[in-house]
Q: 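Once you've had a glance at the structure underneath, I'll fire off some questions.
What you see is a predicted model, and the numbers here were worked out from it, not measured in a lab. Hydrogens, waters and symmetry mates play no part in the numbers below; they use all other heavy atoms, side chains included.
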Amino acid sequence: RENEKISTFKNSLDKIKEHIIELQSFGKIEKTSKRFFEFAKLLGSRGYLLNAITLLLEAIGCYCLESLKEIDNIVKEYVESFDSHYDQTQTSRSIIAKFRNSETKKNKEDAKEKIIDFKENAKEKINIFLKSKNIENFQKFIEDARELRNNLAHGNNRKKIEDARKIFDELVEEYKVFCIDNDILSRI
């Protein structure tokens, strides 16, 4: 009986050690966006969907922040002017999600209301950069991730939990394609 308790305890310790090693490996990943992405996948695989989608949304914000900072020093200074990393990632994600590649007056006015009022030089450089990109599908991906997170967080998800799991898995794959494989916001 005592050996059985020791064996169970040892197995528990082995699992804890395995988890710690896995988490430590995330710390070695250089880019914050990739680190959050890997952690989101881990939580998703363990069934923690709300935590997983929240971290995936953070990974998206980090990816947007990392990409915007590469555009120009003025843009980098602008996004870094926000006090916290959280504010920086939220602002960066919002800039990308709400960008409109249209010259209509209405869209320009909407963009001024929706995109945070920031230095005109930074705004112009971001607009020039984003106009050269085809990001409509990426923007839809961001909105889909936000929608799933909000639905799970507020308990108003009209879909079955299996559907939420499937949607999360699809979002993980889309993140991989957009942000890792294709690096959609790269300077190249």
Side-chain angles (χ1 to χ4, degrees), residues 26-27 29-41 43 50-154 167-168 171-172 174-188:
F26 293 160
I29 299 172
E30 188 176 329
K31 285 189 168 192
T32 305
S33 58
K34 178 83 164 119
R35 198 174 321 130
F36 279 149
F37 172 67
E38 293 298 330
F39 197 39
K41 286 191 326 187
L43 289 175
L50 178 56
N51 299 78
I53 189 61
T54 300
L55 277 177
L56 184 63
L57 211 50
E58 288 302 311
I60 295 167
C62 287
Y63 173 75
C64 292
L65 172 64
E66 292 161 359
S67 299
L68 288 176
K69 287 167 70 170
E70 294 296 317
I71 294 173
D72 188 276
N73 281 336
I74 291 171
V75 176
K76 181 179 178 180
E77 287 173 22
Y78 166 68
V79 293
E80 288 180 344
S81 71
F82 291 87
D83 292 335
S84 69
H85 186 263
Y86 176 81
D87 290 339
Q88 291 173 11
T89 59
Q90 299 307 305
T91 298
S92 297
R93 192 179 69 220
S94 179
I95 288 169
I96 301 300
K98 299 194 185 315
F99 174 76
R100 300 289 181 258
N101 193 4
S102 174
E103 295 300 321
T104 68
K105 185 176 180 183
K106 178 170 178 11
N107 281 342
K108 283 185 177 180
E109 289 171 0
D110 287 349
K112 283 184 181 177
E113 288 177 20
K114 291 178 183 174
I115 297 176
I116 295 151
D117 184 33
F118 53 89
K119 297 177 189 173
E120 284 302 313
N121 283 343
K123 179 180 176 184
E124 187 170 329
K125 289 183 183 300
I126 291 170
N127 282 335
I128 290 168
F129 173 73
L130 291 178
K131 280 182 182 182
S132 70
K133 303 286 180 189
N134 181 7
I135 61 168
E136 289 81 18
N137 290 336
F138 184 61
Q139 290 172 313
K140 182 177 179 339
F141 158 71
I142 292 171
E143 185 53 38
D144 290 347
R146 277 182 10 85
E147 183 180 309
L148 179 60
R149 187 241 165 249
N150 288 343
N151 283 342
L152 289 174
H154 300 293
I167 293 168
F168 173 76
L171 290 171
V172 164
E174 286 183 65
Y175 181 95
K176 183 179 175 306
V177 170
F178 282 126
C179 304
I180 297 172
D181 297 343
N182 296 332
D183 194 7
I184 191 167
L185 297 178
S186 70
R187 293 280 299 150
I188 299 170

Q: Please answer whether the main-chain N or O of Ile184 pairs with a side-chain N or O of Asn182 as donor and acceptor at a distance below 3.5 Å.
A: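 No; judged by distance alone, with no hydrogens or angles, the pair does not exist.
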Q: Decide if atom CG of Asp181 counts as having more than 12 heavy atoms of other residues, nucleotides or ligands within a radius under 6.0 Å.
A: yes
Q: Is the backbone of Ala122 close enough, under 3.5 Å, to the side chain of Glu77 for a donor and an acceptor to pair up by distance?
A: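 No, because the side chain of Glu77 does not come within donor-acceptor range (under 3.5 Å) of the backbone of Ala122.
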Q: Do the non-hydrogen side-chain atoms of Ile180 and Tyr63 ever get within less than 4.5 Å of each other?
A: no
Q: Give a yes or no on whether the backbone of Phe99 and the side-chain of Gln139 come within a donor-acceptor separation of less than 3.5 Å.
A: yes
Q: So which heavy atom on Lys133 is nearest to which on Ser186, and how close?
A: NZ-O, 2.5 Å
Q: Does Gln88 form a side-chain contact (heavy atoms from CB on, under 4.5 Å) with Arg93? I'd like the steps, not just the answer.
A: CA-CA 9 Å; Gln88 291 173 11; Arg93 192 179 69 220; over 6 Å; no
Q: So does Glu143 pair up with Lys140, basic N to acidic O under 4.0 Å?
A: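 Salt bridge absent between Glu143 and Lys140.
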Q: Quick check for you: to the nearest 0.5 Å, what is the distance between Leu171 atom CG and Leu148 atom CG?
A: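 Reported value, rounded in 0.5 Å steps: 6.0 Å.
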Q: Go through the steps to decide whether Leu185 and Leu130 satisfy the test side-chain contact (heavy atoms from CB on, under 4.5 Å), and finish with yes or no.
A: CA-CA 8 Å; Leu185 297 178; Leu130 291 178; 4.1 Å; yes
Q: Measure across Phe37 and Lys176 and return the closest heavy-atom pair with its distance rounded to 0.1 Å.
A: CZ-CB, 4.2 Å
Q: Let me confirm one number: the CG-CD1 distance from Leu56 to Ile142, rounded to the nearest 0.5 Å.
A: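 If I round to the nearest 0.5 Å, the distance is 10.5 Å.
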Q: What's the spacing between Cys62 SG and Phe36 CZ if we round to 0.5 Å?
A: 5.0 Å
Q: Pair Cys179, Phe138 - check side-chain contact (heavy atoms from CB on, under 4.5 Å), show working.
A: CA-CA 9 Å; Cys179 304; Phe138 184 61; 3.7 Å; yes
Q: Rounded to the nearest 0.5 Å, what's the gap from CG on Leu50 to CZ on Phe168? Could you check?
A: 11.0 Å
Q: For Ile53 and Ala145, which heavy atoms make the closest approach, and how far apart are they?
A: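 Nearest pair, atom of Ile53 first, then Ala145: CG1-O, 3.8 Å.
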Q: Given the rule in the salt bridge (Lys or Arg N to Asp or Glu O under 4.0 Å) test, do Lys41 and Glu38 qualify, once you have shown the distances and angles that lead to the verdict?
A: CA-CA 5 Å; Lys41 286 191 326 187; Glu38 293 298 330; 3.3 Å; yes
Q: Can you tell me how far apart CG (Leu68) and OG1 (Thr89) are? Round to the nearest 0.5 Å.
A: 11.5 Å
Q: Are there over 12 heavy-atom neighbours, none belonging to Asn137, within less than 6.0 Å of that residue's CG?
A: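 Counting other residues, nucleotides and ligands, CG of Asn137 stays at 12 neighbours or fewer.
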Q: Before you tell me yes or no, could you show the steps for Thr91 and Tyr78 under side-chain contact (heavy atoms from CB on, under 4.5 Å), namely the whole-Å CA-CA distance, both residues' side-chain angles and the distance that decides it to 0.1 Å?
A: CA-CA 10 Å; Thr91 298; Tyr78 166 68; 3.7 Å; yes
Q: How many angstroms lie between atom CD of Glu147 and atom CG of Leu57, to the nearest 0.5 angstrom?
A: 12.0 Å
Q: Mind telling me whether Tyr175 and Phe141 have parallel, tilted or perpendicular rings, with 30° and 60° as the class edges?
A: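 It falls in the tilted class, 30° to 60°.
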Q: Taking all non-hydrogen atoms of both residues, which atom of Ala40 and which atom of Leu55 are closest, and how far apart?
A: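 It is CB-CB, 3.8 Å.
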Q: On a heavy-atom basis, which atom in Ile71 and which in Lys125 lie closest, and how many Å separate them?
A: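 So the minimum-distance heavy-atom pair works out to CG2-O, 4.0 Å.
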